[in-house]
Amino acid sequence: KENLYINFEQDGFVGECHKDILLSLKNGRVRALHEEVRSAHDRVLSRGRHQVVVLDFLIGNNSKAVAVKSFGRQYAWKDLYDKKRGSKAARSYNAARFLQDNDIGTPKPLAYLERWEKNSLVDAFYLSDYIGELNSFKTRLEDIYETNGPCINLVNLLKDVGLAIRAMHDAGFYHKDLGNQNIELLKDRENNLQRVFFLDLNRSRVRKKLSIKERATDFSRL
């Protein structure tokens, strides 16, 4: 099986990326990412210490929307910790690669890019496919509660999400931040659920086998 992911190094940045996005990054785009994220206005998914915006990249021969997560600066002790264990960007990317390899829903990982100055993490980005038609599990729950049902809609929703979580856990993936806002739903035109996607993966762990306590702890936040 061909490995489509390769190492990346340019202008002080290191990381890995999918071959299809390499041309965009090699053309100097990586140097401008910080300013592009900061100045994005019309396609902002999240603002705060960690920001998520949608930017267009040349993927293969086509321009496609990419979700870019920029991780904010952190304390020096955390940088030292991440130097050994991997930055949040690298952990998000590796976790998404694992889910992808095990056919568990998450947006396709495209790259992680980070820049260090000695032991200080200056920039860290995680890039993935942007799937615009996703609906938040949190929002869907609120809709059902506010309209008072019907109850079968809630039962079916919990069943679908529960089966996806079970598959994720059976693969050995311990999410560790499985709030309702980190679960997204892909629907078809008839509003039928096609797939459950898991987001915000940087706290996760991969086990050979999850314990019952780990499984219960993971979904208890739901």
Verdict with supporting geometry, Glu16 and Arg97, salt bridge (Lys or Arg N to Asp or Glu O under 4.0 Å): CA-CA 11 Å; Glu16 287 185 15; Arg97 290 280 309 274; 3.6 Å; yes
Would Lys88 pass as a cation-pi partner of Tyr112, given that its NZ or CZ must be under 6.0 Å from the six-membered ring centre and within 45 degrees of the axis? no
Run the ring pair (Phe, Tyr, Trp, His ring centres under 6.0 Å) test against Phe71 and tell me which residues pass, sequence neighbours left out. His50
More than 12 heavy atoms of other residues, nucleotides or ligands under 6.0 Å from NZ of Lys64: is that the case? no
Does Lys108, at its NZ atom, have more than 12 non-hydrogen atoms belonging to other residues, nucleotides or ligands within less than 6.0 Å? yes
Phe98 pairs by side-chain contact (heavy atoms from CB on, under 4.5 Å) with which of Asp101, Asn102, Asn94? Asn102
Identify each donor-acceptor pair in which a side-chain atom of residues 118-127 lies under 3.5 Å from a protein atom, sequence neighbours left out, and give them as a table.
unit_1, atom_1, unit_2, atom_2, d
Asp123, OD1, His34, ND1, 3.4
Asp123, OD2, Arg115, NE, 3.2
Asp123, OD2, Arg115, NH2, 2.8

Exactly one of Lys78, Arg85, Lys84 should register a salt bridge (Lys or Arg N to Asp or Glu O under 4.0 Å) with Asp82. Which one does? Lys78
Worked check of salt bridge (Lys or Arg N to Asp or Glu O under 4.0 Å) between Arg205 and Asp218: CA-CA 11 Å; Arg205 299 288 190 277; Asp218 224 10; over 6 Å; no
For the NZ atom on Lys159, are there more than 12 heavy atoms of other groups (residues, nucleotides or ligands in this structure) within a distance under 6.0 Å? no
Angle between ring planes, Tyr5 versus His18, binned at 30° and 60°: parallel, tilted or perpendicular? perpendicular
What verdict does the side-chain contact (heavy atoms from CB on, under 4.5 Å) test give for Leu25 and Phe13, after you've listed the backbone C-alpha separation in whole Å, the side-chain angles of each residue and the deciding distance to 0.1 Å? CA-CA 11 Å; Leu25 300 177; Phe13 282 86; over 6 Å; no
State whether Arg166 and Asp170 are salt-bridged, where the test is any N-O pair (Lys NZ or Arg NE/NH1/NH2 against Asp/Glu carboxylate O) under 4.0 Å. yes
Take atom CZ in Arg221; do more than 12 heavy atoms of anything else shown fall under 6.0 Å from it? yes
Measuring from atom CD of Glu133 to atom CG of Leu186, what distance do you get when rounded to the nearest 0.5 angstrom? 5.5 Å
Can you name the salt bridge (charged side-chain N to carboxylate O under 4.0 Å, His left out) partners of Glu36, sequence neighbours left out? Arg29
For the pair His175 (side chain) and Leu199 (backbone), establish whether a donor and an acceptor sit closer than 3.5 Å, ignoring hydrogens and angles. yes
Mind running side-chain contact (heavy atoms from CB on, under 4.5 Å) on Leu141 and Leu154 for me, showing each step along the way? CA-CA 7 Å; Leu141 286 173; Leu154 177 62; 3.7 Å; yes
